[in-house]
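Quick note on labels: first sequence line is chain A, next is B, and so on, each numbered from 1. All of these numbers come straight from a predicted model, not from anything done at the bench.
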Amino acid sequence: MSKSWLLLALALGVVGSVPLALADRDGHERHERRSYEERGYEGREEDDDDDREHGRRRGGDSSHRVTLDAGYVTECGACHVAYPPGMLPERSWRKMMGDLAHHFGENAELDQAAAQRLEGYLVQASGEGGSKFARSVPSGMTPLRLTETPKFRSEHDELRGPVPVKSMAQCEACHTRAKEGSYEEREIVVPGQGRWEK
Amino acid sequence: MKYLLGMTLISLLWSQPARAGMDEILAGYQAAGASSFEAAAGKELWNRSLGKNEEGQEKSCTTCHGADPRQRGKHVKTGKEIDPMAPAVQKDRLTEAEKVEKWFKRNCTWTLGRECTPQEKGNILTFLRHS
């Protein structure tokens with residue numbers, strides 16, 4: 001009796017493994033199911049992002065998705081989307097945090113303890129892994145506008161206007177999960193143009 | 001029956017902190033010299049416009065928050081949506097003294113060009129509470 005069950009199990013195993021053997025991850029869909037981590041870091045031709053040349057990012061974030069500090073989102077995401085710290089180099093964050101009273105024409109001052117904590121977070125999170133955005137900035141420049149980095153411009157150079165936004169810093173207008181720190185291409189919906197990935 | 005009573009008590013107590021927060025804040029303003037608060041005065045201040053600033057923006061609470069506190073607002077510069085100010089619609093509004101002071105400081109400066117007085121703040125909160 002047990003022999004029959006064993007044979008049955010073996011048969012099922014063989015039969016079950018056939019579809020697995022035949023399955024082919026032909027990648028016909030660009031961001032099909034697998035996360036960046038699962039796909040590995042050998043680079044894929046159809047993927048224009050080559051951040052991975054510097055190896056695995058700490059914290060398991062993909063290059064298009066970051067985990068944002070909750071306090072940062074509360075304080076710095078009140079008037080605009082909480083930008084990923086990697087969008088600017090460390091020196092830009094220091095400069096910005098050093099003059100919150102004149103934050104793009106607004107007073108964004110915080111109590112000292114909060115300001116210090118946030119600056120520490122931004123400096124650490126922007127430097128981690130050395131994002132492509134931060135490294136694209138020439139050493140003589142200390143931009144405060146993340147829309148002014150060479151990498152930002154090249155990332156958006158395929159975008160055709162007009163786009164109904166007040167500025168390109170209004171990420172959430174097209175990046176539908178920007179509030180959660182996610183900027184995956186499959187999430188992009190441009191107002192008036194539809195999904196980025198057709 | 002006891003269970004029902006217990007649950008009712010708990011749920012009543014649970015909702016207290018929200019209102020207690022604003023009451024404490026208002027008490028603080030009165031301790032600082034304000035007299036009784038008027039929703040109508042708060043509404044007037046809310047809708048007041050002090051002209052345009054250098055960027056052509058109307059210096060008024062309504063510029064970002066809209067005239068109706070029950071509706072969502074929109075930041076005049078960034079376009080980011082702002083949750084309604086009315087506690088009747090947004091339960092957690094105006095319950096944390098620190099948060100209230102932080103935003104009064106920034107926004108009164110932006111509109112009036114100075115900090116709001118305790119009287120003005122209390123009037124505004126009262127207006128928002130009754131919206």
Side-chain angles (χ1 to χ4, degrees), chain A residues 68 70-84 87 96-97 99-118 144-148 161-181 183 189-192, chain B residues 21 25 28 49-66 69 71-87 89-116 120-121 128:
Chain A
L68 298 169
Y72 171 63
V73 174
T74 300
E75 293 294 354
C76 306
C79 299
H80 54 63
V81 74
Y83 302 110
M87 301 291 296
M96 200 175 315
M97 293 302 290
D99 194 15
L100 285 178
H102 304 97
H103 185 68
F104 300 97
E106 306 277 330
N107 184 326
E109 281 181 307
L110 293 163
D111 69 83
Q112 199 178 32
Q116 269 177 342
R117 187 191 158 272
L118 287 171
L144 295 182
R145 293 187 185 275
L146 55 93
T147 53
E148 286 176 0
V163 183
V165 290
K166 286 185 177 288
S167 89
M168 287 299 288
Q170 204 182 329
C171 312
E172 72 276 20
C174 300
H175 292 275
T176 57
R177 290 193 60 223
K179 280 186 197 154
E180 292 117 87
Y183 295 80
V189 181
V190 181
Chain B
I25 296 169
S49 170
L50 283 95
K52 292 202 202 286
N53 62 15
E54 283 167 0
E55 301 188 33
Q57 299 155 348
E58 205 74 39
K59 289 184 282 186
S60 169
C61 308
T62 57
T63 300
C64 288
H65 290 293
Q71 302 298 320
R72 303 182 75 157
K74 202 169 186 182
H75 196 283
V76 66
K77 197 168 203 166
T78 66
K80 184 169 191 284
E81 290 206 349
I82 303 170
D83 286 337
M85 290 307 297
V89 171
Q90 186 91 8
K91 299 274 178 281
D92 58 352
R93 275 302 191 196
L94 313 173
T95 56
E96 292 169 61
E98 265 182 37
K99 189 173 176 182
V100 167
E101 290 317 301
K102 178 176 76 180
W103 286 105
F104 264 140
K105 182 171 181 174
R106 287 174 179 174
N107 296 345
C108 288
T109 310
W110 194 86
T111 52
L112 301 177
R114 58 165 173 86
E115 291 208 47
C116 287
E120 287 168 331
K121 292 181 195 175
L128 293 172

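- Using a 4.5 Å cut-off between heavy atoms, A:A173 makes no contact with chain B at all.
- Among the residues in residues 56-65 of chain B, none has a non-hydrogen atom closer than 4.5 angstrom to a non-hydrogen atom of chain A.
- Side-chain contact between A:P84 and A:Y183: present, with at least one pair of heavy atoms (C-beta onward) separated by less than 4.5 Å.
- Along residues 102-114 of chain A, the residues that come nearer than 4.5 angstrom to chain B, judged on non-hydrogen atoms, are A:F104, A:G105, A:E106, A:N107, A:A108, A:E109, A:L110 in order of number.
- Checking side-chain atoms of B:R93 against main-chain N and O of B:P84 turns up a donor-acceptor pair under 3.5 Å.
- Counting heavy-atom pairs closer than 4.5 Å to chain A, the top residue among B:R106, B:K99, B:E98, B:H75 is B:R106.
- When all heavy atoms are compared, the tightest approach of A:M87 to A:L146 is CE-CD1, 3.8 Å.
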Can A:Y83 and A:L68 be said to form a side chain to side chain contact (heavy atoms under 4.5 Å, CB included), step by step?
CA-CA 9 Å; A:Y83 302 110; A:L68 298 169; over 6 Å; no

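- Of the listed residues (B:E54, B:K77, B:K105), the one with the most heavy-atom contacts under 4.5 Å to chain A is B:K77.
- Other residues, nucleotides and ligands contribute at most 12 non-hydrogen atoms within 6.0 Å of the NZ atom of A:K179.
- Contact detail for B:L94 and B:I25: the closest heavy-atom pair is O-CD1, 3.8 Å.
- Between B:K121 and B:E101 there is a salt bridge, with a side-chain nitrogen of the basic residue lying less than 4.0 Å from a carboxylate oxygen of the acidic one.
- Between A:C174 and A:V189, the closest side-chain pair of non-hydrogen atoms is not below 4.5 Å.
- Between A:M97 and A:L118, the closest side-chain pair of non-hydrogen atoms falls below 4.5 Å.
- For the pair A:Q170 (side chain) and A:K166 (backbone), a donor-acceptor distance under 3.5 Å is present.
- Only the backbone of A:V81 comes within contact range of chain B, with at least one heavy atom under 4.5 Å from a heavy atom of that chain.
- Around atom CZ of B:R72, more than 12 heavy atoms belonging to other residues, nucleotides or ligands sit under 6.0 Å away.
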